[in-house]
Colleague: 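Dropping a structure here in structure tokens format, bear with me for questions.
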Amino acid sequence: LASLYYDGFIRIDPKTPKDPNRDYFIMGKGHACLALYPILLDLGFISKERYFEYGKNGSTLGGQLDVTIPGVEYNTGSLGHALGICAGIAKAAQMDGRDSRAIALIGDAECDEGAIWEAIMYAAQQNLNNLVCIIDRNRLSVTQVIESEVLFGDFEAKMNLFQWDCHVIDGHNYNEIFEAFDKATVANRPTMILANTIKGKGVSFMENNVKWHHTMPSENEIKIAREELRITSDNI
Amino acid sequence: MNLDQVDIRDAFFDQLYLRGSENENIVVLSADMDAFSLRKFSKDFPDQYINVGVSEQNMINIAAGLALSGKTVFCYSIASFATLRCYEQIKVNLCSLNLPVAIIGAGAGFSFGYDGPTHHGLQDLSSMRLLPEMSILELSSNELAQKAVDFSIDNEGPIYIRLDKGPFPEWKESEISFEKGFRILKPLNQINLISNGFMTRTTLDVAKRLTSNGIDCGVIDLFRVKPPPDKLYEEIICKSKKIITIEESCKTGGLGTCLSELVAQTENSCQLQVIGTPDRQFIEYGHRGWFHKKYGLDEMGIFDAIINNI
């Protein structure tokens with residue numbers, strides 16, 4: 001998310017978030033909104049007041065994203081829809097001759113949803129080279145470790161057979177992220193980026209632990225996590 | 001050709017052709033579904049037509065993406081599949097975003113009588129009625145179909161249109177106003193029959209038969225099922241002793257249920273009789289007329305049901 005927003009890959013201006021020539025970004029895994037809210041605050045999409053409403057009754061920032069938030073294109077919460085909608089957006093841009101890109105960020109567990117595969121076939125048939133799909137391959141769903149390689153084994157070859165470009169990268173390595181984005185920008189067909197990630201990266205007791213999909217840390221755990229991430233009270 | 005003589009699908013799609021020729025933001029999506037006049041649209045405006053293949057969920061998602069980008073979208077498929085196969089896509093991606101997408105469902109009721117319960121369009125209206133932002137039209141005449149195209153284009157949110165097949169000639173001197181949402185085809189009386197779509201013509205025949213048996217009934221074509229017309233309550237329900245709804249849908253959640261919700265609010269003692277299909281799926285095969293006769297939806301069946309309940 002940091003590289004999408006700060007390295008110019010998503011072209012969207014907080015002052016004109018409805019500009020038809022913008023890039024459209026849909027984070028299908030809207031439950032990860034907590035990672036997005038600080039970015040939207042920092043870039044000026046949302047105010048500090050709104051940001052600090054999070055978690056309160058009657059809040060206008062919830063546990064999912066919605067279109068009342070400037071810069072958010074879609075009401076998230078139900079998985080499997082983002083890629084198809086982005087394919088429609090990419091198609092509309094091609095129809096209109098706009099150079100807008102549509103970028104979907106989805107989860108690996110979400111790829112069980114059949115509608116994603118309908119969209120993958122459609123995007124290739126329509127030659128939507130302005131469509132990018134990023135899969136957050138953290139290998140954890142809500143309840144289990146995704147061990148099966150049925151889907152993600154040899155993924156690049158599989159996507160190539162579906163007539164997509166595909167880049168399998170380390171999702172924590174900025175150089176690999178930039179390189180994949182650069183290739184997507186000049187691609188002749190839709191681009192899939194399979195980003196291998198570690199859920200809870202940098203916090204020893206959270207890394208690769210299913211429990212931390214949806215758990216509140218204790219005071220002590222917060223203290224340990226901040227130390228491990230080298231966050232001091234000065235840079236919060 | 002005279003509008004009354006054409007197939008209602010052609011009345012609808014010819015008008016869509018006309019509007020599409022004036023406005024390139026009108027886009028038609030089809031889930032591998034054909035109609036004679038739609039072929040003309042796809043041939044002459046290939047940039048405004050996409051056959052997404054057998055993928056209703058994807059059709060709705062693509063429609064959402066197009067509509068988010070400023071397009072006015074018409075999605076066309078079999079009623080049963082265009083509604084239930086992609087129900088969550090419609091609920092979340094069209095309704096919660098209130099996007100201008102019209103879903104056109106072909107194969108109303110028992111139109112696909114030989115194709116079993118998967119193809120029967122009996123739960124489309126009731127399922128769409130559950131979605132808060134959805135508007136619903138059921139069309140009883142070619143002229144109504146033609147005007148429904150214009151209404152859909154002007155409408156700001158999602159809309160479901162049940163589209164029949166075959167010619168549906170207009171009734172003389174009947175006024176069409178989507179804002180009003182219904183029209184009176186036979187003057188109101190103490191007993192009033194409310195119907196729409198294909199069943200409207202049958203209902204008029206039933207009313208004629210009732211008259212010749214000494215029972216005068218009004219007939220109302222309730223073509224805008226949702227949102228239910230404001231004036232329906234005041235102008236029809238409050239003035240009726242008995243309302244009889246006639247629909248080619250399951251009785252659970254359709255036109256009759258819609259009326260029951262309104263009748264329940266009245267302080268006078270308006271009775272309600274609901275005539276439709278029972279709450280089940282039909283694993284049997286036959287012509288539409290055969291189904292109507294068997295399940296009491298033909299003229300005589302409806303007439304008997306009404307007479308036996310008076």
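Everything quoted here is computed from the prediction, not taken from an experiment. Reminder, nothing fancy here: chain letters follow the sequence lines and each chain counts from 1.
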Colleague: Is a donor from one side chain sitting under 3.5 angstrom from an acceptor on the other, for B/Gln57 and A/His81?
Modeller: no
Colleague: Atom CG of B/Asn25 and atom CE of A/Met95: how far apart are they, to the nearest 0.5 Å?
Modeller: 9.5 Å
Colleague: More than 12 non-hydrogen atoms from neighbouring residues, nucleotides or ligands closer than 6.0 Å to CG on A/Asn188, yes or no?
Modeller: no
Colleague: Check each atom of B/Ile50 against the heavy atoms of chain A and say whether the ones under 4.5 Å are side chain, backbone, both or neither.
Modeller: side chain
Colleague: Above 12 or not: heavy atoms from other molecules or residues under 6.0 Å from CZ of A/Phe162?
Modeller: no
Colleague: Hey, what do you get for OG (B/Ser69) to CD (A/Gln94), rounding to the nearest 0.5 Å?
Modeller: 11.5 Å
Colleague: Determine whether more than 12 heavy atoms belonging to other residues, nucleotides or ligands lie under 6.0 Å from atom CZ of B/Arg85.
Modeller: no
Colleague: Just wondering, more than 12 heavy atoms not from B/Glu22 lying within 6.0 Å of its CD?
Modeller: yes
Colleague: Which answer fits A/Gln126, side chain, backbone, both or neither, if we ask what part of it has an atom under 4.5 Å from a heavy atom of chain B?
Modeller: side chain
Colleague: Can you tell me if CD on B/Glu24 sees more than 12 non-hydrogen neighbours from other groups inside 6.0 Å?
Modeller: no
Colleague: I need the minimum non-hydrogen distance between A/Gly84 and B/Ile62, along with the two atoms involved.
Modeller: O-CD1, 3.3 Å
Colleague: Hey, is NZ on A/Lys29 packed in by over 12 heavy atoms from elsewhere, all under 6.0 Å?
Modeller: yes
Colleague: Between atom NZ of B/Lys71 and atom CD1 of A/Ile89, what is the distance when rounded to the nearest 0.5 Å?
Modeller: 12.5 Å
Colleague: With rounding to the nearest 0.5 Å, note down the distance linking CD in A/Glu73 to CG in B/Leu68.
Modeller: 7.0 Å
Colleague: To the nearest 0.5 Å, how far apart are OH in A/Tyr74 and OG in B/Ser96?
Modeller: 7.0 Å
Colleague: Between B/Val54, B/Asn58, B/Val52, which is the residue that forms a side chain to side chain contact (heavy atoms under 4.5 Å, CB included) with A/Glu118?
Modeller: B/Asn58
Colleague: If I measure from the heavy atoms of chain A, does B/Val27 come under 4.5 Å with its side chain, its backbone, both, or neither?
Modeller: side chain
Colleague: Do the side-chain N and O atoms of B/Asn61 and A/Tyr122 include a donor-acceptor pair separated by under 3.5 angstrom?
Modeller: no
Colleague: With a 6.0 Å cut-off (strictly less than), is the heavy-atom count around CZ of A/Phe178, excluding the residue itself, greater than 12?
Modeller: yes
Colleague: How close do A/Ile85 and B/Ala64 get, counting heavy atoms only, and between which atoms?
Modeller: CG1-CB, 4.1 Å
Colleague: Determine whether more than 12 heavy atoms belonging to other residues, nucleotides or ligands lie under 6.0 Å from atom CG of A/Asn21.
Modeller: yes
